[in-house]
Amino acid sequence: MALPSDRCYLGFDFSTQQLKVVAVDDNLTIVHQSAVHFDTELPEYRTQGGVHVHSDRLTVTSPVLMWVKALDLILGKMKASGFDFSSVKALSGSGQQHGSVYWKEGSRQILRDMSPDKPLHELLESCFAVTDSPVWMDSSTTEQCQHLEQALGGAQQLADITGSRAYERFTGNQIAKIWKTDPGHYKQTERISLVSSFAASLFLGDYAAIDYSDGSGMNLMDISKKEWAQHCLGAVAPGLGGKLGTPLPSVAVLGSVSSYYVQRYGFSPDCKVIAFTGDNPGSLAGMRLQEGDIAISLGTSDTVFLWIQDPRPTVEGHIFCNPVDSQAYMALICFKNGSFTRERIREECAGGSWEEFSKALKATPVGNNGNIGIYFDVMEITPAAVGVHRVNGENDRVAGFPEEVEVRALIEGQFLAKRAHAEKLGYKILQETRVLATGGASSNKDILQVLADVFNAPVYTIDTANSACLGCAYRALHGVTVRERPYRIPESRRSGIRKEVWAMLELRVKERVVQSNCDSGQKGRHQPLLR
Ligand code: XUL
């Protein structure tokens, strides 16, 4: 039954190439969307793909004021289109993960005093100690990564605490580089935000807390205690704890929008700002993942998202705190050899045709008579290895397979790797497990059938276009709905209530999930490949 829809919830996504917004009503129907493309609509910043790649090819930054000006532009576009800001009950958002913003001393006061007759980029022009923010594409901090792992006693030890071994793009290593190469600006910095908490600060008119989920992508947070790991802070830069503020749950209601937005755009003074988070956690919410689910994006590179209850961090893959339920976790695993490898095998073994590729999958049995292949055309991320390896049913290494066998060996091999790495991180297939597939290859039912067989679970296809900002619009609704529920109960029960409300949201949108080749509720119909 449709609910009255005079209220709406905004989700923003400050991604690498553009700023996007969606508005959903109480029925989760999208009622507005807008975007600002950085390269074309803010050409004065001369970015390519939203970033500047420096001459060393390793350093990648974005001008922080470009993001501020993009917010001026998008709100201006919404106003010009007649969008009714007074109907916005709550807003939230996401940012590209790992990127960092360095607020100069005195900026908190400037944020608090923003005058509604000026655009944000004029008001905040002098607020940033570092004007070019390092972003997730930066890979210039290998030295800092080595130092951090050594200081913590090794890569696994760092992963045990923070959920990931040291990665160049992770914020702690970026901060360590700034402290080393630009100590003057580090000292001038009053607050360090992630792109997500920086964006939330713009709406709040004050420094917004880093949320647990995006905070897990810094190599700085103890993901089980949900506080900064003092050993990590000490290894990165002096006085860092004071510059980061206290992290908060991703479901936290941070406060109401600054009077700047009330006066300039007509927002209600009661419009709540829910903590912003990273784009991948935002997508997990947008895909409405629940405990036991696994989402697999089959694109240029393949990405796996998991909802995990009891994580076991390893040196491959990332564990983040869960953005929907603060007691749970999510895992993110990236595989570099995705669609390019599938396309190569299609060219070599299926005459360049997806139809022939499908025929090969149909013509070969589940388990491929024991023939297994590993196809890492380029250096893989998970694990760091390269090369093509084939083993036949007799456990002998072989140089090649017949074409049909090769096609199945590739697809089974790719999906087996996803299951094996997910299980290594603590993922368990449950009775109610659903596999949600997205990305280019998810349109091929025969590939999805292999996925269903490998995971012994039904596969659904979902459209993840805009999933990060949509997920944050859902999180905004979730945040205020949980808040409105008349409860005075201890924190220990609250997570359960949050889950309950989230499940209600999920039920209301379930019919939009297209069921794929195998039926929900018929587990066991598929022959398990792994026993
Ligand atoms: C995740 C990562 C990217 C960015 C993209 O660890 O680095 O997915 O979040 O915006």
Side-chain angles (χ1 to χ4, degrees), residues 15-17 48-51 53 57-58 60 96 136-137 139 167-169 279-280 283 294-305 316-318 332-361 364 368 371-391 398-422 435-451 454-455 459 461-465 467:
S15 72
T16 315
Q17 307 206 27
Q48 279 189 330
V51 301
V53 179
R57 313 296 302 161
L58 299 174
V60 185
Q96 52 171 301
W136 67 278
M137 294 162 79
S139 55
Y167 285 92
E168 276 80 358
R169 66 191 192 287
D279 54 357
N280 291 301
S283 287
I294 180 164
I296 301 186
S297 163
L298 299 168
T300 308
S301 55
D302 291 348
T303 311
V304 172
F305 290 78
E316 278 146 9
H318 310 299
L332 184 72
I333 320 174
C334 302
F335 298 87
K336 205 167 202 169
N337 291 280
S339 64
F340 284 137
T341 314
R342 289 186 285 272
E343 281 160 20
R344 175 178 72 77
I345 298 289
R346 182 197 61 185
E347 293 309 310
E348 289 174 12
C349 300
S353 138
W354 285 121
E355 265 172 35
E356 292 303 312
F357 195 92
S358 285
K359 274 189 200 156
L361 289 176
T364 43
N368 213 11
N371 294 297
I372 292 182
I374 293 172
Y375 300 82
F376 296 155
D377 285 1
V378 293
M379 177 58 89
E380 182 49 73
I381 298 173
T382 315
V386 71
V388 175
H389 309 272
R390 299 178 187 85
V391 175
V398 289
F401 285 142
E403 285 178 349
E404 287 178 348
V405 174
E406 182 98 315
V407 168
R408 180 168 279 277
L410 166 73
I411 300 300
E412 284 190 351
Q414 288 190 330
F415 293 157
L416 278 168
K418 289 174 179 54
R419 178 168 168 175
H421 284 286
V435 181
L436 311 180
T438 179
S442 69
S443 59
N444 183 318
K445 288 235 165 101
D446 300 289
I447 292 181
L448 295 187
Q449 184 61 55
V450 179
L451 189 56
V454 167
F455 280 85
V459 172
T461 53
I462 50 169
D463 177 7
T464 47
S467 64

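The closest donor-acceptor contact from the side chain of Ser339 to the backbone of Gly299 lies under 3.5 Å. Using modelled atom types, one side-chain atom of Gln414 and one backbone atom of Asn337 make a donor-acceptor pair closer than 3.5 Å. Side chain of Arg346 to main chain of Ser353: no donor-acceptor pair is present (N/O by atom type, distance under 3.5 Å, no hydrogens or angles). With hydrogens and angles disregarded, no donor-acceptor distance shorter than 3.5 Å links the side chain of Arg342 to the backbone of Ala441. Side chain of Arg408 to backbone of Asn368: no donor-acceptor contact under 3.5 angstrom is found. A donor-acceptor distance shorter than 3.5 angstrom exists from the side chain of Thr382 to the backbone of Cys334, with no hydrogens or angles considered.
Note that the CG atom of Leu436 and the CZ atom of Phe305 stand 11.0 Å from one another [nearest 0.5 Å]. Summarising the geometry, atom OG1 belonging to Thr303 is positioned 10.0 Å from atom CD1 belonging to Ile333; distances are rounded to the nearest 0.5 Å. To the nearest 0.5 Å, the span separating CG on Leu298 from CZ on Phe415 amounts to 5.0 Å. Rounding to the nearest 0.5 Å gives a distance of 8.0 Å between CG of Asn444 and CD1 of Ile411. A distance of 6.5 Å separates OG in Ser358 from CD1 in Ile447, rounded to the nearest 0.5 Å. Summarising the geometry, atom OG1 belonging to Thr341 is positioned 9.0 Å from atom CD belonging to Glu343; distances are rounded to the nearest 0.5 Å.
Note on residues 373-389: pairs passing salt bridge (Lys or Arg N to Asp or Glu O under 4.0 Å), not counting sequence neighbours, are Arg344-Asp377.
The side chain to side chain donor-acceptor pair (under 3.5 Å) test applied to Ser297 returns no partner, not counting sequence neighbours. Residues forming a salt bridge (Lys or Arg N to Asp or Glu O under 4.0 Å) with Glu355 (at least two apart in sequence, or on another chain): none. Residues that satisfy the salt bridge (Lys or Arg N to Asp or Glu O under 4.0 Å) test with Glu406, not counting sequence neighbours, are Arg390. Glu168 is linked by a salt bridge (Lys or Arg N to Asp or Glu O under 4.0 Å) to nothing, counting only residues two or more places apart in sequence or in another chain. Remark: Tyr167 pairs with Phe170, His318 by the ring-ring contact (aromatic ring centres under 6.0 Å, His included) rule, at least two apart or across chains.
Scanning both residues, Ala350 and Phe357, for their nearest heavy atoms gives CB-N, 3.6 Å. A pairwise comparison of heavy atoms in Val386 and Val378 identifies CG2-C, 3.7 Å as the closest pair. When all heavy atoms of Thr16 and Gln96 are compared, the pair lying nearest together is CA-NE2, 3.8 Å. For Leu448 against Ala437, the heavy-atom pair with the smallest separation is CD2-CB, 3.7 Å. Nearest heavy-atom pair across Glu316 and Ala384 is OE2-N, 4.4 Å. The two residues Val391 and Phe401 make their nearest non-hydrogen contact at O-CZ, 3.6 Å.
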### Task
Report the C-alpha separation of Thr364 and Val407 in whole Å, then their side-chain angles, then the decisive distance to 0.1 Å, and conclude whether the side chain to side chain contact (heavy atoms under 4.5 Å, CB included) test is met.
CA-CA 9 Å; Thr364 43; Val407 168; over 6 Å; no

